[in-house]
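What follows is one structure encoded as structure tokens, with my remarks underneath.
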Amino acid sequence: MWIAFSATFKRQLITMRRAYPWSFFIGHILDGVYITIFAYLSYHFIFQGQLNTQFVSYTGTSDYLSYVIMGGVFNSFAVSLLMIVSRMLINEMREGTLEALLLTPSSRLGYFLGAAIQGLMRSGIEWLAIICVGLFFGLNLVAAHLALLLPIMIVLCFALFAQALVLGGFMLAFRDTYITQNTLFVIMTLVSGVSFPPQFLPDWIQGLSLIMPLYYGLELMRSVMTHAAPSSDILYHLLSLSTLGILYFAIGLLFMKRMEKSVLEKHFG
Amino acid sequence: MLEAKHLHKSYTLKEKNGWLSRRKQQIKAVNDLSLTIEKGEIIGLLGVNGAGKTTTIKMLSTLLAPTSGTISIDGINAVKQPELIKRRVNMIAGGERMLYWRLSARENLMYFGRLYGLNGNTLKQRCRALIDKVGLTEFADRPVERYSKGMKQRLQIARGLINDPDYLFLDEPTLGLDAPVARQLRVLVKSLAKEKNKGILLTSHYLEEVEELCDHVSIIEKGHLLLQGTPRRIIQTIVKDRSLIVVMKTLDKENWHWLKQETDKLGIHAQKKETNEGTRVDMKATFDMTSSFLALAQKRNLQLIRFDAKKPNLEDAIIRLTEVHD
């Protein structure tokens with residue numbers, strides 16, 4: 001697995017250096033910046049800084065701008081990581097390299113991890129850029145539970161990686177990237193508490209937030225980076241995120257394997 | 001030895017049957033196909049489009065699992081232990097696929113080499129040797145997207161050899177290549193089998209290529225094996241007719257009647273046709289009629305301006321075989 005990981009990491013790095021996907025990079029930053037600026041303008045000029053009392057009870061904070069900017073930052077990060085990993089195999093298929101890859105006895109998990117870790121470099125730059133913009137529009141960062149930041153980030157990345165495997169399986173099943181990924185992203189942004197708490201949504205939609213790693217990731221990141229939250233809540237969310245990640249991971253690996261086979265039968269057979 | 005026994009491969013095709021419903025249809029791509037490849041041997045797999053050649057190659061290279069039947073390579077079951085088989089085989093397809101266009105030749109080979117578990121100096125040396133072998137040394141660090149078709153095909157060959165496979169499957173490897181590049185490739189394929197002792201399975205629409213390279217040929221149609229043997233043996237079995245075309249400046253009535261009588265006696269079927277060149281006589285027989293005809297021409301002092309003796313080739317055999325089975 002290690003060899004496939006390092007080989008794919010290196011290959012992706014060379015490809016990125018040679019043909020940097022500027023459109024995706026700028027697009028993801030603009031998405032985050034748009035959420036930030038939209039929230040800033042509407043909060044100050046439309047709502048005159050007035051917040052619904054329910055917002056404070058649902059979120060435990062009255063700092064709406066930090067809430068939304070964190071939502072924008074991590075939504076952009078999640079979209080970026082999901083896209084990088086999920087599109088790997090369908091891109092190989094479109095570029096005519098899938099057969100050559102599947103001919104090798106390499107580990108598929110190592111391959112995806114290599115792509116994910118390399119992709120994190122790009123997503124990380126986008127993440128930092130949006131945070132920097134956010135600081136000018138009211139993002140207040142506090143170090144509430146700083147020791148938990150790294151473990152939370154690792155679990156969040158793992159859960160998003162696992163979710164990307166499932167998304168990639170659907171892409172192979174539908175032979176499509178655009179509609180498949182954007183359907184997920186629209187639902188994910190709506191129910192994960194990016195710009196408002198999911199409790200404002202009708203009950204039947206709220207349930208969807210429970211299967212979104214981004215929802216737990218945002219709850220955790222807001223707790224440790226913007227406002228303090230009880231440790232019990234943090235542990236509960238961290239456990240939920242880990243469980244969800246493991247579930248997605250198991251389903252994703254099986255689904256991806258099945259779809260690989262199906263693609264070979266239908267596309268190349 | 002690679003041994004495939006009673007291979008079957010069926011696909012389910014779904015066809016639209018109205019707005020929402022779909023009709024399922026079973027397609028038999030390969031039907032009870034058996035073949036063996038010894039190390040150092042080149043086997044040709046021939047058939048018209050859709051005969052099942054590519055599906056067979058994909059099953060042998062573990063990309064597709066057979067619906068039934070067994071494949072074993074040097075005693076290892078390819079269906080049960082594909083990971084072990086992948087180390088011993090490789091596939092090269094015609095066209096410009098199977099390469100990363102944004103990487104250079106060296107980077108492509110290094111990447112694939114690592115996926116086969118190679119690393120360090122062994123990998124570097126093998127990449128260098130393969131780049132030299134396929135004549136890309138000068139362009140080794142140039143991105144593949146700037147390569148010509150022939151250069152990409154040569155790099156594909158290097159990729160197919162990166163794991164030093166014991167068995168190599170070549171699916172239309174000279175498709176669309178210029179004559180000199182195709183010739184270089186044929187020389188390389190021959191040396192891989194005869195000097196490096198690799199077992200090679202070749203599919204190609206260029207039948208002269210198959211005739212030149214292959215020790216044995218298997219002809220398949222609709223996934224079913226029609227005939228197996230050496231190219232010469234197949235030609236002899238299938239195509240009995242030989243043809244001879246001669247053109248003479250003039251051939252008067254008397255000489256034509258005499259020639260017709262004499263050729264009939266020898267069992268040669270002759271036909272006369274007037275052309276711009278002169279009088280053309282087309283002859284067909286089941287034996288080599290060159291010396292018999294020359295003796296007749298000498299007797300009547302016939303002035304020949306063209307003399308074409310055509311030996312049947314593999315193409316004639318395939319056409320005849322598919323005509324019979326249609």
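Below, chain A is the first sequence line, B the second, and so on; all start at residue 1.
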Query raised in the report: Is it the case that more than 12 heavy atoms not belonging to A:R108 sit under 6.0 Å from its CZ atom?
Result: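 Atom CZ in A:R108 is packed in, count exceeds 12.
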
Report task. Please indicate whether B:E138 has more than 12 foreign heavy atoms, meaning atoms of other residues, nucleotides or ligands, lying under 6.0 Å from its CD. Result ->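 Check fails, neighbour count at 12 or below.
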
**Report entry** For B:R146, all residues meeting salt bridge (Lys or Arg N to Asp or Glu O under 4.0 Å), sequence neighbours excluded
**Finding:**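 For B:R146 there are no salt bridge (Lys or Arg N to Asp or Glu O under 4.0 Å) partners, ignoring immediate neighbours.
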
Query raised in the report: Partners of B:D141 by salt bridge (Lys or Arg N to Asp or Glu O under 4.0 Å), sequence neighbours excluded?
Result: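 For B:D141, the residues satisfying salt bridge (Lys or Arg N to Asp or Glu O under 4.0 Å) (neighbours in sequence not counted) are B:R106.
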
Is [X] in contact with chain B via its backbone, its side chain, both, or neither, using a 4.5 Å heavy-atom distance?
X      : answer
A:E92  : side chain
A:S107 : neither
A:R18  : side chain

Requested in this report: Let me see the working for B:L7 and B:I71 under side-chain contact (heavy atoms from CB on, under 4.5 Å), right down to the final yes or no.
Outcome: CA-CA 8 Å; B:L7 287 184; B:I71 303 168; 3.6 Å; yes

Report task. State yes or no: are the ring centers of A:Y248 and A:F161 separated by less than 6.0 Å? Result ->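 Not close enough - the centres of the two rings lie 6.0 Å or further apart.
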
Query - Flag for A:R87-A:Q181: side-chain donor and acceptor within less than 3.5 Å - result: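 A:Q181 vs A:R87: donor-acceptor pair found between side chains.
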
Query raised in the report: Without hydrogens or angle criteria, can the side chains of A:T104 and B:R87 be said to hold a donor-acceptor pair below 3.5 Å?
Result: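 No, no side-chain donor-acceptor pair sits under 3.5 Å.
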
Query raised in the report: How far apart are the closest heavy atoms of A:I84 and A:A115, and which atoms are they?
Result: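 The pair with the smallest heavy-atom distance is CG2-O, 3.7 Å.
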
Requested in this report: Would you sort out whether B:K58 and A:E265 count as a salt bridge (charged side-chain N to carboxylate O under 4.0 Å, His left out), showing the intermediate values?
Outcome: CA-CA 10 Å; B:K58 283 179 179 159; A:E265 297 263 344; over 6 Å; no

Report task. Report, by ascending residue number, the residues of residues 159-174 of chain B in heavy-atom contact with chain A at a distance under 4.5 Å; give 'none' if the set is empty. Result ->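 Those residues of residues 159-174 of chain B which have a heavy atom under 4.5 Å from chain A are B:R159.
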
**Report entry** Proximal to chain A - members of residues 107-127 of chain B, heavy-atom separation under 4.5 Å
**Finding:**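 Checking residues 107-127 of chain B against chain A gives B:E107, B:Y111, B:F112, B:R114, B:L115, B:Y116, B:G117, B:N119.
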
Report task. Between chain A and each of B:L103, B:T62, B:N90, B:I27, count heavy-atom pairs under 4.5 Å; write down the option with the most. Result ->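 The candidate making the most pairs under 4.5 Å is B:L103.
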
Query raised in the report: Below 4.5 Å, heavy atoms only, C-beta onward: do B:K39 and B:K198 meet side chain to side chain?
Result: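 Not touching, per the 4.5 Å side-chain cut-off.
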
